[in-house]
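Below: one structure, written as structure tokens.
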Amino acid sequence: QVQLVESGGGLVQAGASLRLSCVASGRTFSGRTFSDYAMGWFRQAPGKVREFVATISWNGLITAYADSVEGRFTISRDNAKSTVYLQMYSQTPEDTALYYCAQGKGIITTSSVNAYDYWGQGTQVTVSS
């Protein structure tokens with residue numbers, strides 16, 4: 001099975017930068033691996049629904065972002081390392097959430113939670129004012 005492990009979260013002050021990482025391992029039931037799928041980052045604050053943050057196509061050539069993070073966050077991937085990253089700049093308290101990485105059902109970017117099959121355990125990001 002596919003396993004996704006996020007890391008890099010922490011407690012930071014507003015304006016700080018963090019780089020989240022998500023390492024993938026294993027195969028899907030169809031026998032495909034990390035480089036065959038789009039990846040996404042989502043976040044969820046207590047009492048709120050899971051929110052789309054960013055997504056990247058299987059080959060890293062196409063990306064998309066939520067309006068709330070556009071211009072501040074950058075998603076990237078290194079297929080040789082089976083790792084997807086989320087570089088976060090100029091963080092604000094509104095960015096406080098549990099951040100999840102997820103593997104998509106296909107190769108194309110999407111913001112829909114339902115379009116992702118596998119999820120990591122999440123890494124907590126807390127931004128103080």
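- Note: Ile75 CD1 to Ser57 OG = 9.5 Å, rounded to the nearest 0.5 Å.
- Taken from OG in Ser17 to CD in Gln91, the straight-line distance is 6.5 Å, to the nearest 0.5 Å.
- At a threshold of 4.5 Å between non-hydrogen side-chain atoms, the residues Gln124 and Thr96 count as touching.
- Tyr100 is not connected to Trp41 by any chain of hydrophobic side-chain contacts under 4.5 Å among Ile, Leu, Val, Met, Phe, Trp and Tyr, and they are in different clusters.
- Side-chain atoms of Thr63 never come within 3.5 Å of backbone atoms of Thr55 as a donor-acceptor pair (strictly under, hydrogens ignored).
- Taking each heavy atom of Tyr37 and Ser30 in turn, the nearest pair found is OH-OG, 3.4 Å.
- Between Tyr116 and Phe42, the ring centre distance stays below 6.0 Å.
- Tyr118 and Phe29 get closest at one heavy-atom pair: OH-CD1, 3.8 Å.
- By the rule that hydrophobic residues join a cluster once side-chain heavy atoms approach within less than 4.5 Å of another member, Trp119 and Leu86 end up as members of separate clusters.
- Using a 3.5 Å distance cut-off with no hydrogens or angles, the side chains of Ser112 and Thr110 do not pair a donor with an acceptor.
- What you find for Leu18 and Val125 is that their closest heavy atoms are CD1-CG1, 4.0 Å.
- Between the OG1 atom of Thr28 and the CD atom of Gln103 there is a distance of 7.0 Å, given to the nearest 0.5 Å.
- Summarising the geometry, atom NZ belonging to Lys81 is positioned 15.5 Å from atom OG belonging to Ser35; distances are rounded to the nearest 0.5 Å.
- Contact between Gly9 and Thr123 at its shortest, heavy atoms only, is N-OG1, 3.1 Å.
- Relative to the six-membered ring of Trp58, Arg32 misses at least one condition, a distance below 6.0 Å or an angle of at most 45° to the axis.
- Between the side chain of Arg77 and the backbone N or O of Phe34 there is at least one donor-acceptor pair closer than 3.5 Å.
- Of all heavy-atom pairs spanning Val53 and Tyr99, the tightest one is CG2-CE2, 4.4 Å.
- Hydrophobic cluster membership differs between Val69 and Tyr85, with clusters built from Ile, Leu, Val, Met, Phe, Trp and Tyr side chains linked at under 4.5 angstrom.
- How far CZ of Arg43 is from CG of Leu98: 12.0 Å, rounded to the nearest 0.5 Å.
- Contact record, Ile108 with Ala38: O-CB, 3.5 Å, taken as the closest heavy-atom pair.
- Between the side chain of Gln121 and the backbone N or O of Glu6, at least one donor-acceptor pair lies under 3.5 Å.
- Formation of a donor-acceptor pair under 3.5 Å by the Thr83 side chain with backbone atoms of Val23 is not found in this model.
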Exercise for the section: Show the numbers, then the answer: is there a side chain to side chain contact (heavy atoms under 4.5 Å, CB included) between Glu51 and Val113? Expected result: CA-CA 8 Å; Glu51 176 188 25; Val113 170; over 6 Å; no
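- Interatomic distance, SG of Cys22 versus CD of Gln3, reported as 11.0 Å (0.5 Å rounding).
- Checked by atom type, the side-chain pair Arg72/Tyr89 shows no donor-acceptor distance below 3.5 Å.
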